[in-house]
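Below is one structure, written out as structure tokens, with a few remarks after it.
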Amino acid sequence: MPQIKIKTRQIRKTKGFTIVELVVALGIFVVIITVATSILLSSLRSLRQVAHQAGAMDNISLAMEQMAREVRMGADIDPVNGEGITRERRTAIPNGGVITRERITASNGEEITRERRTAISDGEEILHKEFSFINHEGRIIIYSFCGTRMCRNEQYITMSNTIIRGGFLISNFDGEKTPRITIAAQVEDMRGNTLGLVQTTISARLIHYKL
Amino acid sequence: MVAMGIITIGVLGVTGFLARSIGEGRSVADQTIAANLAAEGIEITKNILDGNSLERFRLGDGTIAWNEGFNMPGFFEVDFRSESLGPRVSTVEDRNILRPLKKEQVGDAQFYSYTGAENTTFRRSIEIKGGINEHHIRVTARVYWVAREGRPNQVMLSSDFYNWR
């Protein structure tokens with residue numbers, strides 16, 4: 001019997017772990033796993049955010065490219081300042097101004113047509129939220145910053161999960177020089193973080209019509 | 001210890017890969033901005049050239065050349081308000097002498113220009129090469145920027161314009 005006792009004691013000394021050892025090892029393991037998991041999760045969250053950022057930038061690039069292609073081949077570029085107003089015809093007059101024929105649609109659906117005489121100076125710089133022009137098919141197209149997105153004829157052309165803010169600066173639309181439209185669009189995610197400010201300028205190829 | 005080592009190496013590997021992907025993703029935004037700014041440079045140049053042709057035909061006396069202001073090769077700076085190429089900045093490519101584009105507030109929107117208040121990392125040069133003959137101009141727009149990790153980057157666009165009118 002004494003021999004068996006000695007053997008048991010030896011086995012206890014050489015094999016297995018004590019409760020304290022197990023608890024310490026498990027504690028360290030849990031800490032490492034927790035830290036590793038949180039690092040992985042935050043990395044994956046950042047990766048998702050970056051993927052969204054890349055998607056949003058692609059989207060605004062595509063919208064600008066579409067706008068540029070259409071405007072280059074268009075004519076009668078005109079800033080639009082009032083809702084429900086469609087410019088039908090613009091005629092340059094000798095003193096440097098223009099006569100614009102406008103069709104105004106009232107909220108009750110009634111349509112009014114009027115002619116407006118405007119003098120436009122070169123130094124005028126107004127931020128516009130929309131502009132109209134006649135595209136190569138002869139249709140009136142209006143591009144606009146509509147709420148937090150960009151629109152073409154009131155149809156969204158940018159994603160719903162991205163906020164787009166900005167405006168158009170339009171110069172030389174008086175018929176004397178080649179029109180130029182500068183578009184600036186600040187791209188933000190839904191939490192208001194700025195992803196980038198994208199800007200480009202489009203020069204209409206109106207020279208073909210002049211010669 | 002062995003288990004912990006394997007887990008640590010695994011986690012560090014995956015995290016490193018993700019960090020690299022995030023860095024690359026962020027540079028996509030800068031590339032998009034730079035590509036659009038370079039396209040803007042070409043478009044402004046085209047607008048100035050078209051303005052020359054319009055003026056030339058309006059006057060009808062040949063006093064304005066189609067390439068008025070473009071007959072001096074070199075590097076220039078333009079922004080969306082430029083009505084001409086402006087003074088030559090340099091005769092050789094040197095990103096360090098270019099002014100940084102700034103963010104300018106116009107109404108409730110911001111625009112890249114040289115008259116804004118806040119410097120950006122983007123610099124733009126417009127190179128004019130007209131040496132081939134007087135009926136051809138090659139315009140090259142370059143946009144330079146420094147990435148977040150300090151790596152210099154560049155986008156380059158080129159376009160050829162001819163006196164075909």
Side-chain angles (χ1 to χ4, degrees), chain A residues 25 28-29 32-33 35-37 39-40 42-44 46-47 49-51 53-54 56-58 60-61 64-65 68 72 122 125-129 145 165-169 171-172 176-187 195-207 210-211, chain B residues 1 3-4 7-8 10-12 14-19 21-33 35-55 57-58 78-83 101 103-113 120 165:
Chain A
I28 292 169
F29 189 75
I32 287 175
I33 288 294
V35 170
T37 311
I39 289 172
L40 268 176
S42 71
S43 299
L44 283 171
S46 301
L47 196 63
Q49 201 177 329
V50 166
Q53 182 177 359
M57 295 310 257
D58 275 352
I60 191 69
S61 265
M64 283 189 170
E65 183 60 30
R72 278 189 199 122
D122 280 350
E125 192 173 70
I126 303 166
L127 181 76
H128 297 282
K129 293 296 178 183
F145 283 88
R165 302 178 199 281
F168 306 105
L169 288 177
S171 56
N172 304 343
E176 293 297 314
K177 295 177 181 172
T178 316
R180 190 187 288 184
I181 301 173
T182 301
I183 309 155
Q186 178 148 307
V187 187
L195 306 180
L197 172 64
V198 185
Q199 175 180 313
T200 200
T201 294
I202 310 165
S203 172
R205 309 302 198 241
L206 287 189
I207 196 154
K210 295 284 176 188
L211 302 183
Chain B
M1 282 300 286
M4 281 185 219
I7 289 169
T8 310
V11 167
L12 283 178
V14 172
T15 311
F17 172 73
L18 288 175
S21 306
I22 290 165
E24 290 298 322
R26 282 189 180 141
S27 75
V28 168
D30 286 342
Q31 278 175 23
T32 305
I33 295 167
N36 278 285
L37 286 173
E40 180 183 67
I42 297 280
E43 203 72 6
I44 292 166
T45 313
K46 166 75 177 156
N47 187 270
I48 296 169
L49 277 170
D50 281 353
N52 281 347
S53 290
L54 268 183
E55 192 65 5
F57 279 90
R58 194 177 67 80
V78 293
D79 70 9
F80 68 87
R81 288 196 187 91
S82 300
E83 294 291 332
L101 283 162
K103 281 185 184 171
E104 180 185 351
Q105 196 74 34
V106 180
D108 63 356
Q110 286 189 311
F111 287 80
Y112 291 104
S113 75
T120 68
R165 293 184 181 96

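Source: prediction; values computed, not measured.
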Hey, which of B:D108, B:I42, B:L37 has the most heavy atom pairs under 4.5 Å with chain A?
B:D108
Which residue out of B:R81, B:E40, B:E83 racks up the most heavy-atom pairs below 4.5 Å with chain A?
B:E40
For B:Y112 and A:L197, which heavy atoms make the closest approach, and how far apart are they?
OH-O, 2.7 Å
Work out which heavy atom in A:S61 is nearest to a heavy atom in B:T32; give both atom names and the distance.
OG-CG2, 3.0 Å
Max heavy-atom pair count under 4.5 Å with chain B, selected residue of A:I202, A:D58, A:L195, A:T182:
A:T182
Give the intermediate values and the outcome of side-chain contact (heavy atoms from CB on, under 4.5 Å) for residues B:Q31 and A:M57.
CA-CA 10 Å; B:Q31 278 175 23; A:M57 295 310 257; over 6 Å; no
Heavy atoms only: give me the nearest B:N47-A:S203 pair and the separation to one decimal.
ND2-OG, 2.9 Å
Tightest non-hydrogen contact, residues A:T200 and B:A39, listed as OG1-CB, 4.3 Å
Return the minimal non-hydrogen interatomic distance between B:A109 and A:G167, and the atom names on each side.
CB-N, 4.0 Å
Salt bridge B:D50-A:R180, side-chain N to carboxylate O under 4.0 Å:
no
Matching residue for A:T178 among B:L54, B:I48, B:L49, B:N52 - test: side chain to side chain contact (heavy atoms under 4.5 Å, CB included):
B:L54
For the atom pair OG1 (A:T201) and NZ (B:K46), what is the distance rounded to the nearest 0.5 Å?
15.0 Å
Determine the minimum heavy-atom distance between B:V28 and A:A54, stating which atoms define it.
CG1-CB, 4.1 Å
Which answer fits A:Q199, side chain, backbone, both or neither, if we ask what part of it has an atom under 4.5 Å from a heavy atom of chain B?
both
Counting heavy-atom pairs under 4.5 Å with chain B, the top scorer among A:L169, A:I32, A:V187 is A:L169
